[in-house]
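Below: one structure, written as structure tokens.
What you are looking at is a predicted structure, and each value in this text was computed from that prediction instead of being measured. Each ligand, and each atom within it, is numbered from 1 in the order the structure gives.
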Amino acid sequence: MKPVFANSAWVKAPEKLILRGGRWKQRYLRVRYGFFIHPKVGPILIDTGYTSHGLSAPGRSAWLRAYGHLLSPKLNLGAQPASFLKRFGLAPKDIKGIIITHFHADHVSGLAGFPNARLIASGVGYSNLQKNSSLKNIRHGIFPELLPFNFSARLEPIEDHSRAAVRQLPDSYDIFKDGSVMAVPLPGHAQGHFGVLFTQNKTPLLYATDTQWLIDALQPSARPQLFPKLISEDYGALCQSADQVAAFHNSGGAVMLCHDDSSTQFDVEEGAQP
Ligand SMILES: [Zn+2]
């Protein structure tokens with residue numbers, strides 16, 4: 001079961017913010033989402049990336065519009081989920097599940113377009129989001145208005161799945177009850193943030209989502225400090241998660257991140273860099 005990734009959008013960020021010792025020059029970061037077909041369950045997405053629903057649809061709150069202006073992601077129209085799925089002869093209604101790694105806008109922006117998907121996410125992250133003040137959510141890039149109206153009813157909390165030990169990483173949740181795809185808790189970046197481990201690949205693949213923005217920044221000497229301290233849910237936990245992902249990577253595991261700008265063997269739809 002080999003996942004593939006599409007790049008929903010490009011977002012500019014000064015390198016200095018996301019890499020220790022970096023320059024002030026801008027880096028164009030990807031905003032990936034993943035796709036695979038589970039042999040028993042069917043087509044599954046990992047997050048949705050940025051979509052027009054979150055960035056330009058009418059009726060968005062002033063806060064969400066301001067967020068869009070501030071970050072100004074450039075959507076890759078050819079890599080939006082509906083076009084991307086066409087490559088596989090599929091439509092959004094065919095998606096059976098979406099693994100939501102956390103609730104930041106660039107991961108949940110398109111959820112409303114998948115009416116038949118069960119929504120696999122951190123139940124703790126979701127209940128925290130409901131308890132947080134609006135200001136706290138906004139400060140952390142969380143906009144509950146992006147979630148489908150029936151989110152609670154469709155939620156399948158990862159915490160309801162059995163937990164198992166996986167090599168070098170924290171005990172993880174067995175998403176499909178067959179050990180093939182594990183939700184790996186990687187706290188710190190956002191409430192309930194987790195990665196997705198594909199155990200059956202020749203080289204196990206960890207999609208470590210937003211543990212860092214750049215692969216190079218996983219190593220302790222290259223980790224940025226100021227920016228993650230400002231926006232992370234828990235900076236200490238983030239450092240610990242980065243240590244675990246770096247150890248997995250250094251021992252030969254394959255690691256992908258949502259935003260790293262280099263192309264990988266798993267990227268199938270990249271979109272031209274602006
Ligand atoms: Zn994030």
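Its N, O or S atom nearest to the Zn ion (ligand 1) is what matters here, and for H102 that atom is NE2. The nearest N/O/S atom of H104 to the Zn ion (ligand 1) is ND1.
A salt bridge links D261 with R27: at least one charged nitrogen is closer than 4.0 Å to a carboxylate oxygen. We find that E233 and K136 are joined by a salt bridge, their nearest charged nitrogen and carboxylate oxygen being less than 4.0 Å apart.
The nearest N, O or S atom of H193 is not closer to the Zn ion (ligand 1) than 2.8 Å. Checking D210 against the Zn ion (ligand 1), an N/O/S atom falls under the 2.8 Å cut-off.
With sequence neighbours left out, the ring-ring contact (aromatic ring centres under 6.0 Å, His included) criterion links H249 to no other residue.
Each ring-ring contact (aromatic ring centres under 6.0 Å, His included) pair with one or both residues in residues 42-63, not counting sequence neighbours, would appear here, but there are none.
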